Every structure is written in structure tokens, then in C-alpha cells.
Amino acid sequence: MNTKIKNFIPYTFPLDPPKDENALLHRANSLFGYTLGELSIYAKLEIPPNLKRNKGWIGMLLERYLGASAKSKSEQDFASIGIELKTIPVDISRRPLETTFICVAPLTGNSGVTWETSYVRYKLSRVLWIPIEGHRTIPLAMRRIGVPLLWSLNAKEELQLKSDWEELMDLIVLGKVENITAHHGDMLHLRPKASNGKALTAAIGKFGQPILTMPLGFYLRKKFTAKILERYSIYYLL
DNA sequence: TAATGATCATCA
DNA sequence: TGATGATCATTA
């Protein structure tokens, strides 16, 4: 399957949101094999020399091609059909090169929140994964789009994430947020999510008092997303 | 500041 | 060399 078969892209931008799951998947499939350089030209979007100062650029580009509700709120990218979009950088074996950001961790106002009602679960309930060649040695414009995968949490995955989430949220709620490191959590963990090391947000201190601390985000470890991408990966280079 | 989109860069 | 900790752009 190393023959690159391209599909004509008849899109005019901006696109309407896809009316259903099939429409979204059809669009996503049509992008397979294109390079980021090609997509940037058709979308009339300037391509940066690299991602150092444009870390979310690929995600924004793909949002255009799939008709995601641009600059959305705290919702899934395709809220009307219940789907979140994630681009994920992969190597030639379709293995993830980076962890996957999910959402900012709520450090206050967590009374009554459970895994079932959590924002993490909402975001991950159904995800359209789009693998992209991600090695920094490949010029950005030459990186190719891989085969997309529409995924839902299965029972095993949900148990794994729920377990991690409950452990991490306990630390947050019980005032141990400043003890949290990326070592906590087997599949899901917390890491800084901020503009810089000086950013502060409200949280609960060790005596239950209000404090200011570094904002954290939930991320999926690579070993978790690797398992997801292994599905249906038999025939494809990416 | 917080939310969206993530990857960079350092060090064990 | 990979994971952790740090950071970049943009919008509201």
C-alpha cells in the first residue's frame, strides 16, 4: 500500500459542518496521502517553516478541511454529531511521537464531579484520529496525512482512564495539586499547560485553603494512543 | 486568564 | 532517546 492515491479536493472554504458521521469520515478519508504543503495551498493558508512557533497549526488546517466549528467553545469539534478531532504525529510505523492533550484540568469546583460526568470522558467518548507524519527531519510541507480512524472508548480503555482520572482528581481535590508530577497515572496523566512557568490559576492548598498554582492539563500517554492506532493499521504505511 | 490547537527542549 | 516539564499562537 505504498502507492499514493490522491483524491481530488473540490472544497471551497469555509466548509459547512459535516451532517453526519459518514460525511465526516468521507472527508477525512479523502485527505489521505496529501502533504501538508498541498493542503496549505488549496486552503490558501500560509505554511510556517516549522512548528516551533505554530504548534497547533496542523490541527487548525485539518479543522478547515473537515468543517469543524472554528475557534469553538468548550465543546467537541463536531458537537452536533458528538465527535472530537485529534491530529496525532506518528512515525513510519504509525506509532505516536507525542502525547495527546485532552483538556485543562479543573483545579477548583470539583465537588460532585465523577468520571461519568467529567470533561475528559466527554472529550474522549468519540474521537476522529488523523495520523500525520511527524518526524522533525521531514520538512513540514512534505509531511503526509495518514489514514483516519473513528474511535470510541471500549470497556477496558474506559476502566483504565477512569482509574487514572480518579487518582488524579483525588490529588487535586484533597489539596495535593502541588505534589502532582507527570509520573502519576498509567494511561492518563497531568502536565503543565500554560504560556510559561509564571502562569497561575486557582486551586486548593494542603490545608484546604485557596492557592495559586501552575495550570495543568490532562494528556494521554503514547502507549495508550499507540493501542488505538494499531486498529486497522495493517494495510497502511501511516 | 482560560480556552482552543499542540509540540518543543531539556535532562535523566 | 524518550518522558517530563516548559512553552508558543490565537481568541475572547
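What you see is a predicted model, and the numbers here were worked out from it, not measured in a lab. A, B, ... follow the sequence lines: proteins, then strands. Residue 1 opens every chain.
Under the 4.0 Å criterion applied to side-chain N and carboxylate O atoms, A/D186 and A/K223 are assigned as salt-bridge partners.
Screening residues 190-217 of chain A for salt bridge (charged side-chain N to carboxylate O under 4.0 Å, His left out), with sequence neighbours left out, gives no hits. Applying the salt bridge (charged side-chain N to carboxylate O under 4.0 Å, His left out) test to pairs two or more places apart or on separate chains, none has a residue in residues 40-50 of chain A. For residues 76-113 of chain A, the pairs satisfying ring pair (Phe, Tyr, Trp, His ring centres under 6.0 Å) are A/F101-A/Y219, with sequence neighbours left out. Applying the ring pair (Phe, Tyr, Trp, His ring centres under 6.0 Å) definition to pairs two or more places apart or across chains, those involving residues 123-144 of chain A are A/W129-A/W151. Legend: salt bridge (charged side-chain N to carboxylate O under 4.0 Å, His left out) pairs involving residues 16-26 of chain A, not counting sequence neighbours, sorted by first then second residue: A/E21-A/R126.
Residue A/P215 is classed as having no contact, given no heavy-atom separation below 4.0 Å to the nucleic acid. Within the nucleic acid shown, A/L97 has no heavy atom closer than 4.0 Å to any nucleic acid atom. At the heavy-atom level, A/R136 lies under 4.0 Å from base atoms of the strands shown. If you check every strand for non-hydrogen atoms under 4.0 Å, A/T99 touches a base. No contact: A/K223 has no heavy atom under 4.0 Å from any strand.
Residue A/R191 contributes atom CZ, which lies 12 Å from atom C1' of B/dA9 at whole-angstrom precision. Per the geometry, CD1 belonging to A/I102 stands 15 Å off C1' belonging to B/dA3, to the nearest Å. Atom-to-atom, NZ of A/K222 to P of C/dG2 comes out at 7 Å; the value is rounded to the nearest Å. Rounding to whole angstrom units, CZ of residue A/F224 and C1' of C/dA3 are separated by 18 Å. A straight line from CE of A/M60 to P of B/dA3 spans 17 Å, rounded to a whole angstrom. Atom-to-atom, CG of A/N50 to C1' of B/dA9 comes out at 13 Å; the value is rounded to the nearest Å. Here the P atom of nucleotide C/dT4 and the CZ atom of A/F101 are 17 Å apart, to the nearest Å. Note: CZ (A/F218) to P (C/dG5) measures 16 Å, nearest angstrom.
Not one N or O on the side chain of A/R95 forms a donor-acceptor pair closer than 3.5 Å with the backbone of A/A226. For the pair A/S69 (side chain) and A/D77 (backbone), a donor-acceptor distance under 3.5 Å is present.
Within the structure, a side-chain polar atom (N or O) of A/T201 is placed less than 4.0 Å from OP1 or OP2 of B/dA2. For A/K86, no side-chain nitrogen or oxygen approaches OP1 or OP2 of B/dT4 to under 4.0 Å.
Cluster partners of A/Y119, by chain and number: A/Y122. The rule joins Ile, Leu, Val, Met, Phe, Trp and Tyr whenever side-chain heavy atoms lie under 4.5 Å apart. In the hydrophobic clustering, A/M142 connects to A/I138, either directly or through intervening members, whenever side-chain heavy atoms lie under 4.5 Å apart. Hydrophobic clustering, defined by side-chain heavy atoms of Ile, Leu, Val, Met, Phe, Trp and Tyr closer than 4.5 Å, groups A/L212 together with A/L200.
Comparing the local axis fitted to the first five base pairs of the helix from B/dT1-C/dA12 to B/dA12-C/dT1 with the one fitted to its last five gives a bend of 30°, rounded to 10°.
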Which atom pairs, donor and acceptor, lie under 3.5 Å between side-chain atoms of residues 167-177 of chain A and protein residues at least two apart or in another chain?
none

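Minimum atom distance to the side chain of A/T87 is reached by B/dA6, of the listed B/dA6, B/dA9, C/dA3.
Both A/L51 and A/Y119 lie close to DNA chain B; mapped to their nearest nucleotides by heavy-atom distance, the more 5′-ward contact belongs to A/Y119.
At a non-hydrogen distance threshold of 4.0 Å, nothing from residues 170-185 of chain A comes into contact with DNA chain B.
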Sequence-aligned protein contact record of nucleotides 7-12 of chain C, with B where the base is within under 4.0 Å of a protein heavy atom and S where only the sugar-phosphate is: BBSBS-

